[in-house]
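Each chain gets a letter, A, B and so on, in the order its sequence line appears, and its residues count up from 1. Below, each value reflects all heavy atoms present in this structure, side chains not excepted, and no hydrogens, waters or symmetry copies.
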Amino acid sequence: MENKNKEQLILDTKERLKIKRHDMPAQNSAKRVQNFKEVSIGYLIEDAIEEAKRCIDCKVPYCIQGCPVSIDIPAFIKLIEKGDFLGAAKKIREKSSLPAICGRVCPQEDQCEKVCTIGRRKDSTSVAIGNLERFAADYEAEHGKNNNISYGKNLYDKKIAIVGAGPSGLAAAGELRQKGYRVSIFEALHEVGGVLIYGVPEFRLPKSILLREVQILKDMGVEIFTNVVIGKTITVDELLNEKGYSAVFIGTGAGTPKFLNIPGEELNGVYSANEFLTRVNLMRAYDMNEYDTPMKCGKTLVVFGAGNTAMDAVRTGLRLGYSDARIFYRRSRNEMTARLEEIHHAEQEGIRFDFLINPVRFIGDEKQNLKQVECERMELGEPDESGRRRPVPIKGSEFIADVDAAVIAIGTNVNPIVPSSTSGMDLNKWGYIIADEKTGKTTKKGVFAGGDIVTGAATVILAMGAGKNAADAIEQYLKTNIW
Amino acid sequence: MYEIIENKSIGEGVNVYKINAPDIAVKALPGQFIILRVHKKGERIPITIADIDKNAGCITILVQTLGKTTHLLSELKAGDELADLVGPLGIPSEIENFGTVVCIGGGFGIAAVHPIAKALKNAGNDVISIIGARRKDLLLMENEMRSASSGLLIATDDGSYGTKGFVTDILKRLIVDDKKNIIRVIAIGPVPMMKAVSDFTKKYNIKTIVSLNPIMIDGTGMCGACRVLIGGQTKFACVDGPDFDAHQVDFENLVNRQKFYEDEEKSSYECHRKEHHNF
Ligand SMILES: Cc1cc2nc3c(=O)[nH]c(=O)nc-3n(C[C@H](O)[C@H](O)[C@H](O)COP(=O)(O)OP(=O)(O)OC[C@H]3O[C@@H](n4cnc5c(N)ncnc54)[C@H](O)[C@@H]3O)c2cc1C
Ligand SMILES: Cc1cc2nc3c(=O)[nH]c(=O)nc-3n(C[C@H](O)[C@H](O)[C@H](O)COP(=O)(O)OP(=O)(O)OC[C@H]3O[C@@H](n4cnc5c(N)ncnc54)[C@H](O)[C@@H]3O)c2cc1C
Ligand code: SF4
Ligand code: SF4
Ligand code: FES
């Protein structure tokens, strides 16, 4: 009996290896740059089943190790292959509370798909784990109303406050609610989602998908208070000492934009990526007939940087109507940190990438509106602390380019409002909160932290994982009262 | 949630609003502001907190009706609700017993300087206030300012009330003629006024604080739209300010940045007027 199974598997494996990877269908690039609708359309059922067949159900599934929250990848993929899509979604939800989002925004090529056995074979590409995850989650949303969600009951009287409604806070809230605690989220902005609502554009992550996940939390009984800036409206100390919360989770992100500190940065038309994206995403400035927040549009847009934020900004610019939207990056193509899919999509859409270019000065007209940028060319020198080769300027290589708008997408610093208003909580030298990697425990009793406010700008899945881990640790703490 | 308790017009294009906001009222300190949205598709606009009633759990704001958002706001009635209201934002003004201080308010800046004058007086300062407007009927909060100060001086551009001229003319008199030992000046109002005060006090080396009002979005340090140049350094007015040392401020840059969306703002207001008011 056992032998026969093995044979079948070997046979199967050969067949499986013959199947080519099913790429994610996408809107035609000429058409999609004229709208803000989602670029990737999603698998049809047949695509998903065929793609699922490519997974050989490895004895040692490296893919699971590559996933920061250890989703049982082969198990959910095999459920898709069998046609049990709701079961697949349920499997994913055992470990991840935002599957429709991670399936879309995870840098899979650096995580689960990077180590997939199939992908490591010559002439083969890894199983499209992210695409399948997204498929299962979307199927669940359409067909299995609240399929897998075990509704949180009030098992305990204790209340927990979550500060910030980004991925870390939402994940922590969901977990704690399921464990039976009463949970309140406090969010500074008028909408929830963190970077997912103000940063990541509609064409990459439709707001409706985020809202769906948030609705699930609300249905579970999580209380959400928007328009509350913790540290201003209420402090963390007050949440613990006056407002009756037994524990606090801080997930406020790393949302303060860095600037280049070069002359002319104060000119009109020089934006931080956060401002550019917030106007368009959170405030919906792309629809100025309906919404009141204004946005400018010109001909040439240059975005400095090469991460996800830079890709989002430049592709947003294209959709706003900039006819020439480009990336200037001071390193080379190999050092770009954006997701591979975004880089591909940007290239398809006609974004021009210029490498080894560094801005040195912005030049304005008499009204202090940006009109040009002076740059210098770079070459790669010795590796720096990050292990990447350090770009060094080439003498005499300066040139001036005409631009209507420039977006600076070179990363973020910590937002000081919560760290500076909370007593007895230690920070590192950059101002990020010091928290235990596994539990999220800070140096202040009853206060946990996770996501970008601890690690600096990272990823959605890491932030979500940190929120989940902290939820477990909070449960432990509340049950034992041991810090 | 964010209910308007009172909306009263107090002269040409300026309304006083009392808003129910218990959480903000307990926390608010002089110099801080709020951000509001009138409706669900509206923009976020920052407004200084002009008065705080902790017992009643409400705050007062004075708003000059300028464009679409402030116009929509002016149409709200008692009982109506704002879509969003968040605060108190920004760093509170420095309140200490400095000695003799001069509080200057121009236009709706009077509303912003009022709680500061009040707090400075309570802290034991000799508070001389100077308020100014173009005409008598545009002068705001005269009585409130009088009770918040040890002495109140008034300037109108056309001389219809108080001294004819600018607030700086009165300031000059205090410094040059009366030889007052002024330790600190707080000036809030239109940028040209703040700049004129700053240029003047710089000559006499009198520490001067101004409250800056660049365009803002989130008000929490996230977007960087509100950046201002202070001594050549980039600062975010919403989290590092809005109060800054006037002698370090690049006022020209502030004015230019405030004007960036003028065309869009105008056309949005015009569209709105055509659609809803037929004028
Ligand atoms: C444009 C952009 C694109 C990105 N693309 C990707 C991608 O494709 N894939 C990926 O994995 N990662 C991506 N990232 C990174 C990812 O979004 C972040 O790592 C992740 O969102 C961090 O989650 P978080 O919960 O720590 O914080 P955030 O998402 O930053 O959320 C923090 C929340 O806390 C709120 N807050 C802040 N201060 C306060 C306060 N004082 N009181 C109350 N609330 C407060 C904020 O308003 C915000 O809503 C991107 C980031 C950006 C900016
Ligand atoms: C910290 C601070 C405190 C303020 N306090 C007061 C106050 O107490 N009373 C008062 O009447 N006004 C105050 N303002 C100005 C007020 O925010 C603007 O008048 C208002 O946003 C105008 O909106 P609108 O749509 O009606 O006019 P618009 O026609 O859109 O704009 C008119 C002008 O207002 C400014 N403005 C527009 N949008 C914004 C924005 N999002 N943020 C800041 N400024 C903007 C611009 O300079 C613009 O040219 C303050 C501004 C700041 C930054
Ligand atoms: S959560 Fe991200 S890393 Fe984990 S399986 Fe899904 S796509 Fe891969
Ligand atoms: S490593 Fe690849 S092939 Fe192996 S189980 Fe994981 S997804 Fe399937
Ligand atoms: S308003 Fe966004 S950072 Fe100040």
Chain A interface, residue from B:K40, B:Q233, B:Q32, B:H39 that has the most non-hydrogen pairs under 4.5 Å
B:H39
Top contributor to chain A interface from B:V86, B:I215, B:V239, B:V228 [non-hydrogen pairs under 4.5 Å]
B:V86
Region of A:L267 in contact with chain B, defined by heavy-atom distances below 4.5 Å:
backbone
Show your reasoning for whether side chain to side chain contact (heavy atoms under 4.5 Å, CB included) applies to B:I209 and B:F244.
CA-CA 6 Å; B:I209 304 295; B:F244 291 99; over 6 Å; no
Do A:L239 and A:I234 have side chains that get closer than 4.5 Å, going by heavy atoms?
yes
Please look at A:N369 and chain B and tell me whether the side chain, the backbone, both or neither of the residue comes under 4.5 angstrom of a heavy atom of that chain.
side chain
A:F328 vs A:F304 aromatic rings, parallel, tilted or perpendicular, using cut-offs 30° and 60°?
perpendicular
Chain B contact via A:N268 - which portion, at a heavy-atom distance below 4.5 Å:
both
Segment of A:F259 engaging chain B (4.5 angstrom heavy-atom cut-off)
side chain
Below 4.5 Å from any heavy atom of chain B, which atoms of A:Y198 appear? Answer side chain, backbone, both or neither.
side chain
Residue from B:E43, B:K27, B:M222 scoring the most non-hydrogen pairs under 4.5 Å with chain A is B:M222
Scan side-chain atoms only and decide if A:N413 and A:T256 contain a donor-acceptor pair under the 3.5 Å cut-off.
no
Please state whether the side chain, the backbone, both or neither of A:T235 comes within less than 4.5 Å of a heavy atom of chain B.
both
Of the listed residues (B:G42, B:A28, B:C223), which shares the most heavy-atom pairs with chain A below a 4.5 Å separation?
B:C223
Do B:E265 and B:K259 have side chains that approach each other closer than 4.5 Å (heavy atoms only, starting at C-beta)?
no
Any heavy-atom pair between the side chains of B:N213 and B:Q258 that's under 4.5 Å?
yes
Identify which of A:N274, A:D287, A:N227, A:T293 forms the greatest number of heavy-atom pairs closer than 4.5 Å to chain B.
A:N227
Would you verify whether the NZ or CZ of B:K8 falls within 45 degrees of the ring axis of B:Y17 while also being under 6.0 Å from that six-membered ring's centre?
no
Among B:K68, B:E252, B:R44, who wins on heavy-atom pairs under 4.5 Å with chain A?
B:R44
Are B:I19 and B:L82 packed together at the side-chain level, in the sense that at least one heavy-atom pair is separated by less than 4.5 angstrom?
yes
A:I230 side chain near A:V228 side chain, heavy-atom distance below 4.5 Å:
yes
NZ (B:K18) with more than 12 external heavy atoms under 6.0 Å
no
For B:K54, look at atom NZ and say whether over 12 heavy atoms of other residues, nucleotides or ligands are found less than 6.0 Å away.
yes
Measuring heavy-atom distances to chain B, does A:T278 have an atom under 4.5 Å in its side chain, in its backbone, in both, or in neither?
side chain
Please look at B:I45 and chain A and tell me whether the side chain, the backbone, both or neither of the residue comes under 4.5 angstrom of a heavy atom of that chain.
neither
Please determine whether the number of non-hydrogen atoms from other residues, nucleotides or ligands lying under 6.0 Å from atom NZ of A:K159 exceeds 12.
yes
Under 4.5 Å from any heavy atom of chain B, what part of A:E238 do you find: side chain, backbone, both or neither?
side chain
I'd like to know if A:E202 pairs up with A:K207 as an ion pair, taking the criterion as any Lys NZ or Arg NE/NH1/NH2 lying under 4.0 Å from an Asp or Glu carboxylate oxygen.
yes
Option that, when pairs with chain A are counted at under 4.5 Å, heavy atom only, ranks first among B:T69, B:L85, B:I24
B:L85
Taking side chain as everything from C-beta outward and backbone as N, CA, C, O, which of these in B:R37 sits under 4.5 Å from a heavy atom of chain A? Side chain, backbone, both or neither.
side chain
Let's go through A:V248 and A:I250 carefully: what are the C-alpha distance in whole Å and the side-chain angles of both, what is the deciding distance for side chain to side chain contact (heavy atoms under 4.5 Å, CB included) to 0.1 Å, and is it a yes or a no?
CA-CA 6 Å; A:V248 176; A:I250 302 174; 4.2 Å; yes
Test B:S93 against B:D243 for side-chain hydrogen bond (donor to acceptor under 3.5 Å, both in side chains), laying out the working first.
CA-CA 7 Å; B:S93 300; B:D243 285 2; 2.6 Å; yes
Does any backbone or side-chain atom of B:R257 lie under 4.5 Å from a heavy atom of chain A? Answer side chain, backbone, both or neither.
both
Could you tell me which residues in residues 185-195 of chain A have at least one non-hydrogen atom under 4.5 Å from a non-hydrogen atom of chain B, sorted by residue number?
A:A188, A:L189, A:H190
